[in-house]
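Take a look at the structure below.
Chain letters run A, B, ... following the sequence lines, proteins first and then strands; every chain starts at 1.
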There are 2 protein chains.
Amino acid sequence: MRAAYYVGDGKFEVADADIEEPAAGQVQVAVSYTGICGTDLHIMLGHMDHRVTRPGVIGHEMSGRIAAVGPEVDGWSVGDAVTVMPLSWCGSCPVCLAGHEHICQHLDFIGIDSTGSMQTRWNVPAKVLVALPDGLSLRDAALVEPTAVAVHDVGRGEVREGDKVVVVGGGPVGLLIAVVARARGAEVLVAEVDAFRRDIADRLGFVVLDPLSADLGDHVETWTDGAGATVAFEVSGTQPGLTAAMAVLAARGRLVVVGIHAEQRQMDLHRIFWRELSIVGARVYRRDDFEEAVRLLDSGVIPADALISAVEPLESADQAFARLAAGGGVMKVLVDCRAGG
Amino acid sequence: MRAAYYVGDGKFEVADADIEEPAAGQVQVAVSYTGICGTDLHIMLGHMDHRVTRPGVIGHEMSGRIAAVGPEVDGWSVGDAVTVMPLSWCGSCPVCLAGHEHICQHLDFIGIDSTGSMQTRWNVPAKVLVALPDGLSLRDAALVEPTAVAVHDVGRGEVREGDKVVVVGGGPVGLLIAVVARARGAEVLVAEVDAFRRDIADRLGFVVLDPLSADLGDHVETWTDGAGATVAFEVSGTQPGLTAAMAVLAARGRLVVVGIHAEQRQMDLHRIFWRELSIVGARVYRRDDFEEAVRLLDSGVIPADALISAVEPLESADQAFARLAAGGGVMKVLVDCRAGG
């Protein structure tokens with residue numbers, strides 16, 4: 001088998017590895033595709049060297065088929081099409097005991113904190129498997145994980161039929177949020193600074209705005225007849241994005257914090273008070289979000305063709321990352337992990 | 001009749017005024033007591049000169065009895081004990097149309113934006129009246145309005161039986177929040193820098209902490225067996241108070257923004273994301289909050305004696321404000337507006 005190892009300093013090395021038999025409770029997945037997430041890019045750029053093992057295999061957005069079933073595993077067979085919900089929780093910390101296992105204090109995010117899917121064979125606990133329907137292509141199924149993020153985010157935003165929703169940041173997660181919110185019956189505006197991404201959002205039928213060349217607040221004021229947006233999603237991870245997302249909200253509006261803000265941010269607390277806003281954090285997903293994501297992909301709601309910019313072979317993992325790191329002209333990049341792919 | 005006029009420059013002048021007959025739809029209230037709110041203090045200190053009329057009568061926490069009933073008013077009689085929910089909304093802005101009249105875009109906060117109750121007779125629209133039960137003293141009933149604030153805040157925090165609640169800021173509103181949250185079945189910790197206020201909170205049976213001499217985060221960590229607080233109320237209006245309130249929250253915890261933050265604040269967005277926190281604004285109250293406040297006072301849940309530090313005659317309105325402005329050794333101050341009071 002082959003595996004792409006992150007070795008530090010922004011580099012990946014693709015090398016042979018021994019195939020290990022799945023242990024008790026595990027299955028071995030023949031990986032088909034692994035998507036590259038923004039977090040993977042942060043890893044490649046060295047921002048998470050304190051957290052990841054080097055050399056190590058990363059990757060957590062994936063699809064594949066079961067190649068072998070370990071002892072003490074029921075309900076799965078060789079050949080089953082699967083994806084993985086890459087979370088493993090302790091079950092005993094206060095967060096788990098309160099029922100929020102997905103944000104466990106000791107969460108193992110598989111593919112970041114432990115070995116990931118950017119390899120041809122991957123042994124994982126059977127409990128993290130999610131079944132894929134027959135009709136869903138394995139290429140498109142690599143989008144299940146980011147779609148589950150979007151489903152969770154839209155759920156945290158309590159988006160309802162008729163809502164006017166603003167998504168600040170039109171990358172893969174931002175557009176998936178826009179698509180899921182629209183599927184809930186909302187009208188969606190996407191604010192994005194990159195012309196390539198704005199063009200995709202436009203072709204998907206969203207109201208699109210470049211916040212650098214037009215005033216988002218004024219635009220939303222008109223778009224909503226003075227009411228403001230019911231829900232805004234902050235997916236840019238930037239101070240201007242946060243400020244803009246706050247400024248568009250209606251009274252009792254909800255801001256969902258999706259993007260990563262590594263630094264302290266300036267917030268207008270008086271506006272939160274005055275308009276009785278809610279600012280809500282949304283992180284990863286729960287099992288039902290994942291299963292809903294599978295249904296949305298299977299039913300064709302998710303425009304996979306528009307979101308997948310490129311598929312690169314595993315042997316060229318380095319180039320796949322470089323393409324994303326260069327920025328511009330790219331949305332989601334998949335790595336083809338099929339043996340000989 | 002007599003009225004205390006705010007004339008600017010931190011000064012009040014008490015003077016004679018003519019009694020005007022109540023207009024159609026109005027009643028005339030013989031005011032018994034008017035409480036001095038933190039907002040009234042801001043007015044006295046000149047912070048709100050852009051918003052208030054000078055000379056003008058302020059005051060919106062009150063109790064009294066109906067002295068005259070104007071034309072076209074049904075259901076009210078001379079002698080009825082009443083308080084006023086001092087909000088008047090437009091009914092036609094997007095916020096009102098969305099059902100959030102209490103934070104109407106054109107809200108008239110009676111006693112701030114229009115004439116208030118710091119006078120012996122006060123004409124108000126009958127629609128803002130709230131009936132008081134026979135057994136409730138008119139002195140204690142002057143606490144209905146701030147209690148309604150607390151009821152609304154606790155509602156926005158969705159406080160439930162068994163919750164561990166932290167209130168940052170133990171002034172009148174902070175302690176009322178603590179009392180209402182406890183009445184909902186929560187355990188409550190009050191963090192307050194002023195020793196006099198801490199002493200009152202302690203005598204009311206709350207866990208009390210001086211955040212300047214002990215680490216609130218460490219304390220709450222122990223108090224909650226590592227889980228963190230379910231709900232925190234930011235009532236201090238300060239950056240350290242906000243930072244402390246954020247730091248104590250459990251996963252999925254809720255921070256209710258009650259205090260006024262005139263300046264931009266530093267916020268840890270990553271923590272909101274990581275723990276899936278909610279930050280929720282809470283402003284004034286709705287009719288059901290007001291009616292619940294009357295019930296809580298009538299049933300003795302609200303410790304009025306502990307909260308009312310002083311009652312000053314209307315003729316000494318200046319001194320009543322000066323006492324509050326000096327800070328320390330005082331909780332709620334009432335102005336006795338009874339004719340000859």
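Per-residue heavy-atom pair counts under 4.5 Å with chain A were compared for G226(B), A282(B), A227(B), and the maximum is reached by A282(B). In terms of heavy-atom pairs under 4.5 angstrom with chain A, the leader among L97(B), V95(B), L107(B), I272(B) is I272(B). Of the listed residues (V284(A), V256(A), L242(A), I103(A)), the one with the most heavy-atom contacts under 4.5 Å to chain B is I103(A).
Under the side-chain contact (heavy atoms from CB on, under 4.5 Å) criterion, A178(A) pairs with V167(A), V188(A), V190(A), F206(A), sequence neighbours left out. Looking at residues two or more places apart in sequence or on another chain, you find a side-chain contact (heavy atoms from CB on, under 4.5 Å) between V193(B) and D210(B), P211(B), L212(B). Legend: residues meeting side-chain contact (heavy atoms from CB on, under 4.5 Å) with L249(A), ordered by chain and number and at least two apart, are A232(A), L255(A), L277(A).
Contact of V258(A) with chain B is made through the backbone alone, with heavy-atom distances under 4.5 Å.
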Distance-only check: which donor-acceptor pairs of chain A and chain B lie under 3.5 Å?
residue, atom, partner, partner atom, Å
H102(A), NE2, E276(B), OE1, 2.9
H152(A), NE2, E276(B), OE2, 2.6
R156(A), NH2, E276(B), O, 3.0
R265(A), N, M267(B), O, 2.9
R265(A), O, M267(B), N, 2.7
M267(A), N, R265(B), O, 2.7
M267(A), O, R265(B), N, 2.9
W274(A), O, R283(B), NH1, 2.8
E276(A), O, R156(B), NH2, 2.9
E276(A), OE1, H102(B), NE2, 2.9
E276(A), OE2, H152(B), NE2, 2.6
E276(A), OE2, R283(B), N, 2.7
L277(A), O, G281(B), N, 2.9
I279(A), N, I279(B), O, 2.7
I279(A), O, I279(B), N, 2.7
G281(A), N, L277(B), O, 2.9
R283(A), N, E276(B), OE2, 2.7
R283(A), NH1, W274(B), O, 2.8

